[in-house]
Amino acid sequence: MSNNVIESKANRSKENDLSHPDQMNLFGGGAGTEKKTINTKATNGSPPGTTTSVEPEPALETKHMHSKNEVSEDGRQQGANASPKSSFIQTLAEDAMPSQADEDQEILPLFPLQSLPGFTAQLAEQAAAVAQMPPQLPAMLMLATASAAIGKSVVAIGGSNHGPCLGNLYMLAVAKSSTGKSVAAKLTAPIFDFEEELLIQYEALENNSVAPRLTIQNSTSEALAHHMSTGCDETLYSFSPEAGDNLRIAAGAYRKAGGDFAFLNSAWSGDHCEFTRMTRDAVRLREPCLTLFWAIQPFFFNELAANKEAAMGGFTARCLTFDAAAEWIHDDGGYREIDKKLIGQWHNTLHKIMERRILNPNADPVQIPCTPEARETFRTLHNESIDRRNSEIDIADLLGKMRENAIRLALVLAVLQDASQINGEIAENACRIVRWCIDSLLSMLSGARANTLEREVDRLTMKLEKAGGKETIRNLLRGGWERKKVEQLAKRFPLRFEIRTIKPPKGRPSEFIVIC
C-alpha cells in the first residue's frame, strides 16, 4: 500500500482528539483535570449540560471501585465480590488442610492497576469511575485493543526457548448485563475510527480496491478465516461486548460434529490452517494473528466451564479470563467525564501504532528483546504453573499458557510505553496481571470445583468402604483412578484418607490408601 493511501494523522489528531461521535457522547466536551463528570447524555436525570463538581482523586486510588467490599491490609478484596465457600467446603473445613491457593480463590486480590504504564492506568481508572465499576474491565479492554493495533508488526524475542512471540491476546470478561460494558467498550474507539478512515480512503481510489478489515464482531470461524485472508496481513480483532453467540458457535452450535475451537487455537498460536468446503474456494492462512476480546454473561461462562473440549483442547488456557465484578448500583448523582487529554493520548498512541503497521504491511516485524531479568521472571511464572498443575490436576488444563500469555502481555506493555526492551519491571507487571487473571478465573470456578471435589471424595470413600476400609493404589489405578488425583485427595483431606505402605505377612509391601 502506498503512503498516499492514508494521509498522516499525526497533526490533525492533536486538533481532533474528540471528533468521534461516540467518543463525544461518552467523554463530553469539557476539559478537565480539576473535576470529573459522568456522560454528557445526563443519565442521572439532570438536565443536559448540568455539571456537579467532584473533588479530584489520586490517579491510582480505587476506593470508589469497591464500595461494597472491605479491603484487608494485604490488599485482598472481601465482602460482596468475594466468592463464597460452598456448603460442602464449610462442612469439611476442619477436615481439610487449606492451602494458600485455596485462600486466593476465596478472596480475590484487587486488580493490579499500577501494572499499566503511564497514562493508561489513569485512563482505565477514570473510565471505571464513569461506568461505576471496578477498573479491570476498562484496563483489560485497553490492553486487548492495543494488542489488536500491534498485530504482527512487533514481536518479543528471548522470553523463552520457544522463539519469537507475537502480542495477540485472547480475553474473556465475565460481566452481568447492564453493568456498564458498553461504556467501557468506547475505549476501543481508536481502532474503529482508524478502520473507518481506511474505508473512506479506499472508496476515494479509482481501482476498486477493498479496504482491509481490522475488526469483526459476531461470526463463524469460516467468516473469521475469510476476513483474515482478505484483510491486512492475516490479522483481525474479534471484539464483542455480548459474545455469548460467539462462544456457542465455537462450541459447535452450527456444526454436526464437535466444536470449532481448533481454528481459534491456531489463530492465537499463528499456526497454518485451512478451510476447505465443497461449495466454496479453500481459505488458507499462513500465519493468522487473531486478537480476541469477548464479554460474556455468567450463564455463558458456566457453559464454557463445562465444555471439556475447550479446556482439554487448549482454548481456555489461551484466554485471560476474568470477573469484571461489576454490580448494579445506584447512580450517586455525580456528573463525571474522563480528562480529554488522556483520551487524546490514547487515540494518538494507537493511531501511531496502526499507521506503522498498515503503511508497512510487508516490513519485517520490530523485535523487542527480553532482558535476562525478564526471562528469569517469565521462567519463575512457568515453574509456578507447573507446580500448581502437578498439585491441582483438576485445573491443570487451564494453566498451560501462563508464561506465553505473560510474554505477549509484556510486549503490549512495552509498546505502549515505547520501550526498546522488555526489562524485569515490565515482565513483572505482565506476570502480575496474568496471576490476577488466573486467581479471578479460579474464584469463579470455586463452586464447580467444590462440587467436583465432593463427588470425588464420595466416590473414593464408597470404593474404600466396599474394600473393607482400604485398597492398594495399584488396584485403584487398574480401576481407572489417576495416581495424582488419589494423592491430591489424601493430601487435601488428611483426616479422611491416608496413604500407607503396608507389608503383608507374606509378599512385598504395597501402597494402600485407607479411611482414617
Side-chain angles (χ1 to χ4, degrees), residues 1 144-145 147-153 155 164-172 188 191-192 194-195 198-199 202 209-296 300 304 307 309-310 312-320 354 357-358 361-362 365 401 404-405 408:
M1 183 188 310
T145 304
S147 167
I150 294 168
K152 293 192 287 187
S153 64
V155 297
C165 184
L166 292 173
N168 58 310
L169 298 166
Y170 280 13
M171 294 188 185
L172 296 178
T188 61
I191 199 166
F192 287 101
F194 195 91
E195 186 174 42
L198 274 179
L199 179 61
Y202 270 79
S209 298
V210 178
R213 188 162 188 170
L214 304 182
T215 64
I216 196 167
Q217 190 165 352
N218 296 327
S219 68
T220 63
S221 293
E222 287 86 347
L224 275 175
H226 169 73
H227 288 298
M228 294 176 79
S229 68
T230 59
C232 179
D233 198 23
E234 301 182 340
T235 302
L236 199 63
Y237 183 22
S238 178
F239 167 76
S240 177
E242 293 291 344
D245 284 345
N246 283 347
L247 272 183
R248 286 185 167 170
I249 290 171
Y254 303 110
R255 294 168 62 91
K256 294 182 179 179
D260 202 14
F261 292 108
F263 170 73
L264 295 176
N265 292 344
S266 296
W268 182 85
S269 302
D271 297 332
H272 171 86
C273 56
E274 179 177 336
F275 282 92
T276 303
R277 297 289 184 269
M278 294 294 294
T279 58
R280 303 179 187 174
D281 294 336
V283 175
R284 296 180 177 85
L285 297 173
R286 178 181 55 83
E287 189 181 6
C289 179
L290 178 67
T291 299
L292 180 151
F293 188 97
W294 291 350
I296 57 176
F300 292 107
L304 177 65
N307 191 308
E309 182 182 357
M312 298 180 67
F315 174 74
T316 312
R318 286 168 167 80
C319 296
L320 294 172
M354 286 184 286
R357 169 185 148 205
I358 301 298
N362 298 318
K401 300 294 183 181
E404 188 166 354
N405 263 325
R408 290 167 180 246

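Values below: all heavy atoms of this structure, side chains included; hydrogens, waters and symmetry mates excluded.
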So do [Y] and [X] actually touch side chain to side chain, heavy atoms under 4.5 Å?
X: Thr145; Y: Phe293; value: no
X: Pro241; Y: Gln217; value: yes
X: Met354; Y: Ile191; value: yes
X: Asn246; Y: Phe300; value: no

Mind checking the [atom1]-[atom2] spacing from [X] to [Y]? Nearest 0.5 Å is all I need.
X: Tyr237; Y: Glu195; atom1: OH; atom2: CD; result: 12.0 Å
X: Phe239; Y: Leu292; atom1: CZ; atom2: CG; result: 11.0 Å
X: Leu169; Y: Leu320; atom1: CG; atom2: CG; result: 6.0 Å
X: Cys319; Y: Lys401; atom1: SG; atom2: NZ; result: 12.0 Å
X: Arg248; Y: Ile296; atom1: CZ; atom2: CD1; result: 11.0 Å
X: Thr215; Y: His227; atom1: OG1; atom2: NE2; result: 10.0 Å

Would you say [X]'s side chain and [Y]'s backbone share a donor-acceptor pair under 3.5 angstrom?
X: Thr235; Y: Gly151; value: no
X: Arg408; Y: Asn168; value: yes
X: Asn265; Y: Gly313; value: yes
X: Asp233; Y: Glu287; value: no
X: Glu234; Y: Leu285; value: no
X: Arg357; Y: Ala149; value: yes
X: Thr316; Y: Ala310; value: yes

### Worked verdict on Arg318 versus Ser269 for side-chain contact (heavy atoms from CB on, under 4.5 Å)
CA-CA 9 Å; Arg318 286 168 167 80; Ser269 302; 3.1 Å; yes
### Query
When the ring planes of Tyr170 and Phe315 are compared, do they come out parallel, tilted or perpendicular, using 30° and 60° as the limits?
tilted
### Message
Under the criterion side-chain contact (heavy atoms from CB on, under 4.5 Å), I'd like the reasoning laid out for Ile358 against Leu214: C-alpha separation, chi angles, the key distance, then a yes or no.
### Response
CA-CA 10 Å; Ile358 301 298; Leu214 304 182; 4.0 Å; yes
### Task
Might you point out which heavy atoms bring Trp294 and Ser238 nearest each other, and give the distance in Å?
NE1-OG, 2.9 Å
